[in-house]
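All values below were derived from every heavy atom in this structure, side-chain atoms included, with hydrogens, water molecules and symmetry-related copies excluded.
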Amino acid sequence: MKRVRKKTGSFTSEEHDILDGKAQISRVVERSGDVWQFRMWVAEEKKYIRRSLKTRDFVTAKKRAEDIVFETMSDISTGRKIFGITLGELVQQYLVWRQEDVDNGNITEGRHGTIQHQKGNLEA
């Protein structure tokens with residue numbers, strides 16, 4: 001007999017802006033079990049930071065979210081990346097590193113060219 005899955009739903013029951021809209025905290029009742037979630041847009045990296053605040057209390061969630069916002073803003077102002085590097089950036093760093101092997105005579109220019117042409121397969 002086929003088992004029928006229950007729908008979990010994905011509606012947000014509560015959402016609050018904190019620190020003049022720099023971030024939001026929300027509760028998604030069905031999925032998180034009333035635990036507060038944090039979300040903040042990082043414009044420099046064009047991504048959202050999303051974390052669980054691991055609490056059901058609004059005051060505690062707001063305090064933890066403010067701490068995350070201040071920490072993130074501090075990291076951004078000092079030039080620290082919030083997210084890891086992309087695959088494309090990693091490939092470029094690898095090619096620069098392998099160019100040193102060409103300069104030292106460890107590999108040929110032709111081999112380095114082959115590696116450069118193979119990078120297209122990695123980024124796909």
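Separation of atoms CD1 (Ile107) and CD (Glu100) is listed at 11.0 Å; rounding is to 0.5 Å. The CZ atom of Arg27 sits 7.5 Å away from atom NE2 of His16, with the distance rounded to the nearest 0.5 Å. A distance of 8.5 Å separates CZ of Arg80 from OG1 of Thr72, quoted to the nearest 0.5 Å.
Other residues, nucleotides and ligands contribute over 12 non-hydrogen atoms within 6.0 Å of the NZ atom of Lys81.
At least one side-chain heavy atom of Thr114 sits less than 4.5 Å from a side-chain heavy atom of Arg111. Lys63 has its side chain out of reach of Val59: every pair of non-hydrogen atoms, C-beta onward, lies at least 4.5 Å apart. Residues Trp41 and Lys46 have side chains in contact (heavy-atom distance under 4.5 Å, counting atoms from C-beta outward).
Annotation for Arg56 and Trp36: closest pair O-NE1, 3.4 Å, computed over non-hydrogen atoms. Closest heavy-atom contact between Arg39 and Glu15: NH2-OE2, 4.4 Å. When all heavy atoms are compared, the tightest approach of Ala61 to Leu53 is O-CD1, 3.4 Å. For Thr108 against Val102, the heavy-atom pair with the smallest separation is O-CG2, 3.9 Å. Nearest heavy-atom pair across Ile49 and Arg51 is CG2-NE, 4.0 Å.
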**Asked** Could you walk me through whether Trp97 and Gln93 pass the side chain to side chain contact (heavy atoms under 4.5 Å, CB included) check?
**Response** CA-CA 6 Å; Trp97 180 67; Gln93 289 178 5; over 6 Å; no
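Tyr48 and Phe70 are assigned to two separate hydrophobic clusters, defined by single-linkage of ILVMFWY side chains at heavy-atom distances under 4.5 Å.
Between Arg98 and Asp101, at least one side-chain nitrogen of the basic residue sits less than 4.0 Å from a carboxylate oxygen of the acidic one, meeting the salt-bridge criterion.
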